[in-house]
Amino acid sequence: MQTESGLKVTAKAPANIALIKFWGKRDEKLRIPMNNSVSVNLSSAFTTTSVQFRKSLNKDKITLNNHPLNNLESERITTHLDRIRKLAKLSLKAEVITINNFPQGSGIASSASGFAALSMAGAKAAGLNLNERQLSVLARLGSGSACRSIPNGWVEWKAGEKSEESFAYSLHDSKYWDVCDLIAIVSKKRKAVGSSEGHTLALNSPFYKSRLIGLDDKITKIKTAINNRDFCQMGEIVEAEALNMHAVMMTSIPALLYWTPETLQLMQNIIDWRKSGLKSYYTIDAGPNVHILCLSKDVKTLLTKLKREENVEEVIVNQISDGTKILSSV
Ligand code: PMV
């Protein structure tokens, strides 16, 4: 396709939270992970991206939340557009307009939703007709966990050994089970060490080998708990998994310590609330904020409790959502 201007395609992609984490890569450049991971897509944290390839442009023009990005900031996006151009045998530059509905620095990683939306909108705008698996592979090349934001609902990412074997697929659709994820924001500060660097450091933790040995079993167990809709069984695995990943982070050289006293306080509270009958479980990514999994019937009670916590700046309530969708193509 080398027309004057191609279609302007807009896609919407959710962020996702990993129940079993991706931490450490087998192939740095291709972003092939060491292990499978399992996640759910989040309804209230998403990216909307429009892509149009245009003859009038002599370089890619990228805006994020209505601000133009400079060359350095846009490098990773331009590299991803190059992947799409190569697949489509296209040389036109693109205009990319991206909006995150969640505030920058709210502790929600925007790379998963960002690269999922860019992949779907970009591929279609370039005239490619990729299936879900191919889109998941493409999104993974931009940011590993982005591959899990493509399929609907409850998702597993098969690690694979080659690029085309490393993709995510849906285990259950978004309506399967009314589990919610409340993101309790305790800090909006930018993290000092991003996940790309963290994945590399993981491999030098003395605990990394034993983490990997236990993972297949953990994945089988969590999939059984999800199949049985056994919330407590699933929650126990989720908490143990978050602690396991953070133990690796804390014992990498140099160490990565993402928790703050506020993170730890909230983890303790969740354990205490559980003892008094409120069934909720925490998980934490590469940052200080706490994701709280609960059933929809308990959201109100949890929100009341979280409002009383002076360290919680904001709570984002998520249901489980579909994956990435095309909104328009004009
Ligand atoms: O996709 P990345 O490189 O941003 O890594 C994601 C890392 C974690 O969020 C900590 C875990 C995960 O599986 O999402």
Side-chain angles (χ1 to χ4, degrees), residues 13-42 45 47 76-77 79-80 100 102 105-119 136-151 154-160 166-168 171 181 183 190-203 205 208 211-212 215 218-219 222 237-250 252 255-259 263 282-291 293 318 320 323-324:
N16 68 72
I17 178 69
L19 309 178
I20 302 295
K21 312 288 189 185
F22 152 46
W23 198 243
K25 289 180 230 172
R26 182 190 303 273
D27 187 311
E28 197 66 37
K29 217 168 138 236
L30 293 175
R31 295 179 201 276
I32 298 178
M34 284 290 202
N35 59 275
N36 291 16
S37 53
V38 175
S39 63
V40 289
N41 288 324
L42 304 177
T47 299
R76 204 163 151 194
I77 296 171
T79 304
H80 203 59
N100 290 329
F102 44 93
S106 65
I108 305 171
S110 54
S111 63
S113 53
F115 279 97
L118 179 67
S119 300
S136 181
V137 168
L138 177 62
R140 191 205 76 232
L141 292 166
S143 171
S145 55
C147 74
R148 296 190 311 237
S149 288
I150 298 281
W154 298 75
V155 172
E156 179 173 17
W157 172 7
K158 288 265 179 214
S166 186
F167 64 94
L171 292 168
D181 175 52
I183 311 174
R190 236 189 129 75
K191 54 189 168 201
V193 180
S195 51
S196 296
E197 206 179 317
H199 289 295
T200 311
L201 293 177
L203 276 58
S205 159
Y208 193 63
R211 165 170 172 73
L212 290 182
L215 268 170
K218 219 189 257 180
I219 289 186
I222 202 166
I237 298 170
V238 167
E239 277 192 4
E241 163 63 0
L243 293 173
N244 185 306
M245 178 182 72
H246 281 270
V248 166
M249 290 165 159
M250 287 175 201
S252 294
L256 292 176
L257 185 51
Y258 285 111
W259 300 350
T263 313
Y282 62 76
T283 184
I284 304 156
D285 271 348
N289 299 313
V290 181
H291 288 251
L293 294 171
N318 295 280
I320 295 176
T324 308

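Throughout, residue positions are numbered sequentially from 1 according to the sequence presented. As the structure lists them, so they are numbered: ligands from 1, and atoms in each ligand from 1.
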Residue and atom name of the nearest protein heavy atom (relative to atom 14 (O) of ligand 1), distance in Å to one decimal
Arg148 NH2, 2.7 Å

What protein heavy atom sits nearest atom 4 (O) of ligand 1, and how far off is it?
Ser195 OG, 2.8 Å

Heavy-atom contacts with [X] under 4.0 Å: which atoms of ligand 1 show up? List them by number with element.
| X | result |
| --- | --- |
| Ala18 | 12 (C), 13 (O), 14 (O) |
| Ser143 | 1 (O) |
| Ala286 | 10 (C) |
| Lys21 | 13 (O) |

Decide whether an N or O pair under 3.5 Å exists between Ser196 and ligand 1.
no

Would Asn16 count as being in polar contact with ligand 1, using the rule that some N or O on each side must be under 3.5 angstrom apart?
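Between Asn16 and ligand 1 (N or O atoms, distance only) the closest approach is not under 3.5 Å.
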
Of all the heavy-atom pairs spanning His80 and Leu138, show the shortest one and how long it is.
CE1-O, 3.0 Å

Determine the minimum heavy-atom distance between Ser113 and Ser149, stating which atoms define it.
N-OG, 4.3 Å

For the residue pair Asn41 and Asn318, establish whether any side-chain heavy-atom pair is separated by less than 4.5 Å.
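Result no, sub-4.5 Å side-chain heavy-atom pair not found.
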
Tell me yes or no: between the side chains of [X] and [Y], is some donor less than 3.5 Å from an acceptor?
| X | Y | value |
| --- | --- | --- |
| Ser39 | Trp157 | no |
| Arg148 | Ser37 | yes |
| Thr283 | Lys21 | yes |
| His199 | Trp23 | no |

Look at atom 6 (C) of ligand 1 and find which of Gly144, Ala139, Ser145 reaches it with the closest heavy atom.
Ser145

Which option wins on minimum heavy-atom distance to atom 7 (C) of ligand 1: Trp157, Phe22, Tyr258?
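Checking each option, the heavy atom nearest atom 7 (C) of ligand 1 is found in Phe22.
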
Looking at ligand 1, does Ser37 have a heavy atom less than 4.0 Å from it?
no

Which distance, rounded to the nearest 0.5 Å, do you find between the OG1 of Thr324 and the CD1 of Ile150?
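Output value for this atom pair is 4.0 Å.
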
Ligand 1 versus His199: contacting region, heavy-atom distance under 4.0 Å
side chain

